Every structure is written in structure tokens, then in C-alpha cells.
Number of protein chains: 2
Amino acid sequence: MSLYSAPPSTRERIVVCAARLIQRQGYVGTGIKQIAQEAQATLGSVYHFFPGGKETVAVAAIKHGEKEFAWLLKDALRREDDPAAAVESCAAELAVGLRESGWLDGCPITAAALETLGTDSEMQRACADALQRWEGVVEEKLLASGFTAEDAAEVATTVISTLEGAEVTAQVRRSEEPLRAAGRQLARLLRTYEA
Amino acid sequence: MSLYSAPPSTRERIVVCAARLIQRQGYVGTGIKQIAQEAQATLGSVYHFFPGGKETVAVAAIKHGEKEFAWLLKDALRREDDPAAAVESCAAELAVGLRESGWLDGCPITAAALETLGTDSEMQRACADALQRWEGVVEEKLLASGFTAEDAAEVATTVISTLEGAEVTAQVRRSEEPLRAAGRQLARLLRTYEA
DNA sequence: CACTGGATAGAGCGTTCGTTCTAGTGCTGT
DNA sequence: ACAGCACTAGAACGAACGCTCTATCCAGTG
């Protein structure tokens, strides 16, 4: 993942564009041809790098989105020592990012996850993995702050769920407020576990 | 909305089926022909009742889902006096319903809402209205329980967001646990506002 | 009984979908 | 120089999409 050293490879461009398109339009709503066009690649290139077709591209895109969001999460949580303040500032950061994208770039996997619920596909598994991993990031922070194992697990699940839901609400309402409110309330909740 | 008296009209069947299909597969993922087939209607009937085409059907379906979920919410909240217990039992009820549907029937509008984010469509407005109305139901309960106006509004927003997110998480993970956890944590949060 | 208008029925339109296929390009190692 | 390979390029296929169209059915009315 060379960020600045080399220009992104064709494969990278495809994955990144697919991730953004799926994030915004969902899996069914995003066409292979649209991905190719947006990534400045041809259809042939897409099928060259992803012989498995659309679903293979989507799985790679989901995993990319998972890593990207995990970084954002880790980074935001590390900046504050107090977990309550950390979660609140994390929500604030999400709110700003959301507004700056015109309320379009929310959770990178929710849309795709909802579309592949009934299936036994690899996409479904990738989405479940993503959620679990994000919860792990929060759980780790809570454990480091003195939470018991059970509390940390349950609270981490709730934090991710709430951020997830608040992000959707903020997108639909085109307002930072739901995310800000969720941040404040989560902070309040976390503080009830102190000492 | 005659529930038992008369057999559902063709129009009703179309709306109900469209609502369930959109809930499960999203807007783009659901075809007009599939709606017609599932509702035991013909394509001609669908376009007869909804000359506006697919989007008109979807808007009706979203509004139907909004009402249905609002009923469920009101009913669950009314059964308990304490708002904390009420919200927790509400989450539990959602968890049971989710499992019984094979983790398919989650929030009736989330999938559609995420697909119509960028647009200025009537669907987008219908989805925003739905969220707002559900928040209103919770807010009313909180106000009746002695919350201040500001607290009630912010907490209601967070409750809906959290339930929304926890439902998605529960669906993706195919487990009641995320919803149960969210219920317990929301109850804990609400109790911090007592006296 | 003829007629009217709501409701039903489905063939078929143009378009776009995911995918496959063949052909061509540019770089690398020998 | 040339073979070999990774990659690019886009035409073409069958299927499915949303939608339009005409035809038919049937209860209610004069």
C-alpha cells in the first residue's frame, strides 16, 4: 500500500473505485462497466485481475473498505486517552467526513451487507468479518482502559452498532447532529463504567 | 387497513410485497416483475395502480413499512412503564423477529435509504420522514417519563440510531446478541437520566 | 342489451446488465 | 531480434431490466 511513492496500479485503482462506488450505490447498483470507467481501466483489465467477475471485485472492495475504516478508527481512538472522549471525537470525525462528502461516503460496507444477507457468499462473510474486526479495535481500547472482558465486548459491540446506525441516520437526514448526539450519548454511557 | 375483514386488494398486495422485497433486497435489487409475481398480480395491474412506475411503488412501500414499524415501536414502548425497560424489551422483540425471519426482515427502509442518498427523490424524503417519525415515537415516551425536552430529543435520536445499527449488525452476524447488547446498554444509558 | 371504464393480462420495446471472446500492445529475458 | 507473458482494448452475447402497448375481461348503468 504505497501511498505516495508510486502511482496506483491498475488493480489498486479498480479496487479503490469499486469500494467507493459500492459504498455509495450498493452492490447491485454498481456495474462492472461503471467501475472500469471510473477507474480509468477497461473491462478487459477488470476481468484480467478479477477472473471471478463482479463478486470477486466486490469482495476485494469490501476488504479494502474494512482496512481503511479500521485505520480511521484506530487513529481516532489513539488520539484520546479517555475512552469516552475518544469515542466522542471519533463520532465527530465521522460527522465531518460525512458532511464533506456531501453525505455520500458513509459506512463502506453497510449497503453491500444488506444486499447479500440471504446469501452464503464470500461477500457476506467479508462483511461480517469487517464488523467483527472494527468491534475488536474498540474492544482493545476498552480493555486497555480497565474494562472487564465482558463489559468491553458488549460495549464495543454497542459502540460499533451505534456509530453504524448514527451514520446512516446522519446520511439520510443530511445532518451531523445524529452522529454528534450518538457520540455524546456513547461518551455518557462509557463514563458509567468508570471506577 | 382492514386486517381480517376483507381479503387484501390487489393494490394492497402489491404494496405489502414490494415493502418486504425492498426490505430484503433493496430498491435496485427488486424488480417490478418480481413484485408483480410475488403479489400474484400482473405487470399491467402494477402500472395501473402505480402509473408513476417503480419509484411510485417503492415510495408506497416505504411509507407502508414506516407505519408498520411505528406500530411495533409504539406497542413495545407502551407495555413497560419504565422507559429503560421499555427500550430494552423493544430491542429483544426486534431480535426475536429478526431470528424468526432467518435474519432477513430487518429495518424496512435502511437498504432503500442507502441507495437513494445522492438523489433528490421522493423516496429519499420518505425515508427521512420515517426515521424522524420513529424518533418522535421514542421522544414522546421519554417526555412522558420526565425527560427534559433537549434530553428527550437527543436520546431519542440515539435510541433509533442504535437500534438501527444493532439490527444491521445482528443481521450480518446472524445473531441476536448485538440487539440484546444494544438493548441492555441503552437501558443503562437511559437510567443515567433518572432523578 | 349495448356501452363504458376500471382492472387484468402479457407480448414486446429499447436499454443495460455481467460475462466471454479475440485481437492487439508493450515490456522482459535471453 | 524474438519469444513469452502480463496487460489493455472493446466488440458481441444472452439475459434481465423498466416501461409501453394493445387486447380482454367484467360489473354497473342507460
Side-chain angles (χ1 to χ4, degrees), chain A residues 2 6-62 111-112 115-116 118-124 126, chain B residues 2 6-62 111-112 115-116 118-124 126:
Chain A
S2 53
S9 69
T10 301
R11 200 196 135 98
E12 275 175 334
R13 287 202 316 273
I14 292 171
V15 171
V16 170
C17 285
R20 198 184 51 228
L21 287 171
I22 289 175
Q23 174 183 41
R24 296 185 174 190
Q25 316 172 336
Y27 175 68
V28 204
T30 302
I32 286 263
K33 289 171 185 173
Q34 188 186 10
I35 293 174
Q37 187 177 347
E38 203 92 358
Q40 308 226 62
T42 62
L43 210 49
S45 302
V46 177
Y47 277 95
H48 171 75
F49 290 109
F50 301 94
K54 188 182 182 183
E55 188 177 340
T56 321
V57 179
V59 170
I62 294 293
E115 286 174 316
T116 53
T119 74
D120 247 17
S121 57
E122 197 178 342
M123 266 196 73
Q124 209 282 330
Chain B
S2 54
S9 70
T10 301
R11 201 198 133 97
E12 275 173 336
R13 289 202 315 275
I14 292 171
V15 171
V16 171
C17 285
R20 198 185 50 229
L21 287 172
I22 289 175
Q23 175 183 42
R24 295 184 175 191
Q25 317 173 336
Y27 174 68
V28 204
T30 302
I32 287 262
K33 288 173 184 172
Q34 187 186 12
I35 293 172
Q37 188 177 346
E38 203 91 358
Q40 308 226 62
T42 61
L43 206 52
S45 301
V46 176
Y47 278 96
H48 171 74
F49 290 109
F50 301 93
K54 189 183 182 183
E55 187 176 341
T56 322
V57 180
V59 169
I62 293 293
E115 288 173 315
T116 53
T119 74
D120 248 15
S121 57
E122 199 179 340
M123 270 197 70
Q124 210 281 332

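Just so it is clear: chains get the letters A, B, ... in the order the sequence lines come, proteins before strands, and each one is counted from 1. Everything numeric in this text was worked out from a predicted model, so none of it was measured.
Minimum interatomic distance between C17(B) and A39(B) (heavy atoms only, all atoms of both residues): SG-CA, 3.6 Å.
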(request) Give the B/S/- string for nucleotides 8-18 of chain C, one per nucleotide from 5' to 3', where a protein heavy atom under 4.0 Å of the base yields B, of only the sugar-phosphate yields S, and otherwise -. (result) BBB-B----BB

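By the side-chain contact (heavy atoms from CB on, under 4.5 Å) test, Y47(A) pairs with I32(A), L43(A), sequence neighbours left out.
Rounded to a whole Å, the CZ atom of R11(B) is 14 Å from the C1' atom of dG6(C).
The line from NZ of K54(A) to OH of Y27(A) is 5.0 Å long, rounded to the nearest 0.5 Å.
Residue pairs satisfying the salt bridge (charged side-chain N to carboxylate O under 4.0 Å, His left out) criterion with at least one member in residues 19-39 of chain A, sequence neighbours excluded, are listed as follows: R20(A)-E38(A), R24(A)-D105(A).
Listed for the T116(A) side chain is no donor-acceptor partner under 3.5 Å among the backbone atoms of T119(A).
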